[in-house]
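First comes the structure, then the notes that go with it.
The figures here come from the full heavy-atom set of this structure, side chains too, leaving out hydrogens, waters and symmetry mates. This one's a predicted model, so the numbers in the text were calculated from it and none came from an experiment.
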Amino acid sequence: MKNSVKALPAIILSNISKQFGAGESQVNALKKVNIEIAKGEFIALCGPSGSGKSTLLNILSGLDRPSTGQVIFLNHLLNNLPENELAAIRGKHLGFIFQFFNLIPVLNVLDNIFYPLVLNGYCDKKEAKARALHALDSVGLAQLARRKPGQLSGGQQQRVAIARALAHQPRIVVADEPTGNLDLATGEAIMDLLLKINQETQTTFIVSTHSTPLKDRVKRVIEITDGELTYDSAR
């Protein structure tokens, strides 16, 4: 009989608090938040504007540091790591998707994915081109590889941004309001795509969203209100 070993969480947030400012002007953005995120999960992170969602995403991805508490990311304790080591971990293991697509307008779609792979040293040019084309194909846009971002719809631009985030094969993807700049139907199509990628690749997704339909479709919903964890469907 084989012994079963429980897989370690992808991310552990332990008693995370974050303050901005000091004295009477101090803002408590997060207050003793405790979350464990398993490998391969798809999490909808919800809450009103100003609730602390973006701060939480920045801390769990190592873009910001907590005032108190510990962040363990893929077995790395992030708190005391120097910036160059944090950047190396993010570069290797994290993909980012933003509300605003952040595509370079003078580059075509393919090059928007190709150049980050080469410049960040993920692979050589031949492999980068193959990965970029594969990533575009995975989001259904291989036929638009030579178009500029300005020649695409908002939904198509967000698909390119998703392809760029996935091209280096990250283990975790953080998406901050990825449908906030899209109409309802296009936003739902983008969420369909993210869910499909999660199921096919077992990439961990943490998605900040106001989308009620998404909350109804995912297995785990986490809600933040005024910096506090007020709901976690896994508990």
To the nearest 0.5 angstrom, please state how far the CG atom of Leu182 sits from the CE atom of Met191. 9.0 Å

Would you find a donor on one side and an acceptor on the other, under 3.5 Å apart, between the side chain of Asp111 and the backbone of Phe114? no

Counting distance only, does the side-chain N/O of Asn15 pair as donor-acceptor with the main-chain N or O of Gly69 below 3.5 Å? no

Just by modelled atom types, is the Leu103 backbone N or O under 3.5 Å from a matching donor or acceptor in the Asn112 side chain? no

Determine which pairs satisfy salt bridge (Lys or Arg N to Asp or Glu O under 4.0 Å) with at least one residue from residues 82-103, sequence neighbours left out, and list them in order. Arg65-Glu83

How about Leu110 and Leu136: do any of their side-chain heavy atoms sit closer than 4.5 Å? yes

Has Tyr115 got more than 12 heavy atoms of other residues, nucleotides or ligands less than 6.0 Å from its OH? no

Are side-chain N/O atoms of Asp183 and Thr186 paired as donor and acceptor at under 3.5 Å? yes

Flag side-chain contact, heavy atom, 4.5 Å: Ile16 against Asn34: no

Is it true that atom CG of Asp226 has more than 12 heavy atoms of other residues, nucleotides or ligands lying nearer than 6.0 Å? no

Closest non-hydrogen contact found for Gln19 with Leu30 is NE2-O, 4.3 Å

Is any side-chain N of the basic residue among Asp192 and Arg217 closer than 4.0 Å to the acidic one's carboxylate O? yes

Short side-chain donor-acceptor distance under 3.5 Å, Gln26 and Asn28: yes

Within 6.0 Å of CG in Asn80, more than 12 heavy atoms from elsewhere: no

Look at the side chain of Ser25 and the backbone N and O of Gly21, then say whether any donor-acceptor pair between them is shorter than 3.5 Å. no

Quick one: are Leu152 and Val109 in side-chain contact, heavy atoms under 4.5 Å? yes

Please answer whether the main-chain N or O of Thr203 pairs with a side-chain N or O of Asn198 as donor and acceptor at a distance below 3.5 Å. yes

Keeping the roles fixed (side chain from Thr204, backbone from Gly40), state whether a donor-acceptor pair exists under 3.5 Å. yes

One should read off an interatomic distance between Ile222 CD1 and Ile206 CD1, to the nearest 0.5 angstrom, of 8.5 Å

Side chains of Ile35 and Leu56: does their closest heavy-atom pair fall under 4.5 Å? yes

Which pairs pass salt bridge (Lys or Arg N to Asp or Glu O under 4.0 Å) with one or both residues in residues 168-182, sequence neighbours excluded? none

Among all residues two or more places apart in sequence or in another chain, which pass the ring pair (Phe, Tyr, Trp, His ring centres under 6.0 Å) test with Phe73? none

Let me confirm one number: the CD-OG1 distance from Glu223 to Thr225, rounded to the nearest 0.5 Å. 6.5 Å

Backbone of Ala185 reached by a side-chain donor or acceptor of Glu188 within 3.5 Å: no

Does Lys31 have more than 12 heavy atoms from other residues, nucleotides or ligands lying within 6.0 Å of its NZ? yes

Are any side-chain N or O atoms of His168 and backbone N or O atoms of Leu94, one a donor and one an acceptor, separated by less than 3.5 Å? yes

Gln158 (side chain) donor-acceptor with Phe98 (main chain) under 3.5 angstrom: yes

Checking the side chain of Ser17 only, and the main-chain atoms of Lys32 only, is there a donor and an acceptor separated by less than 3.5 Å? yes

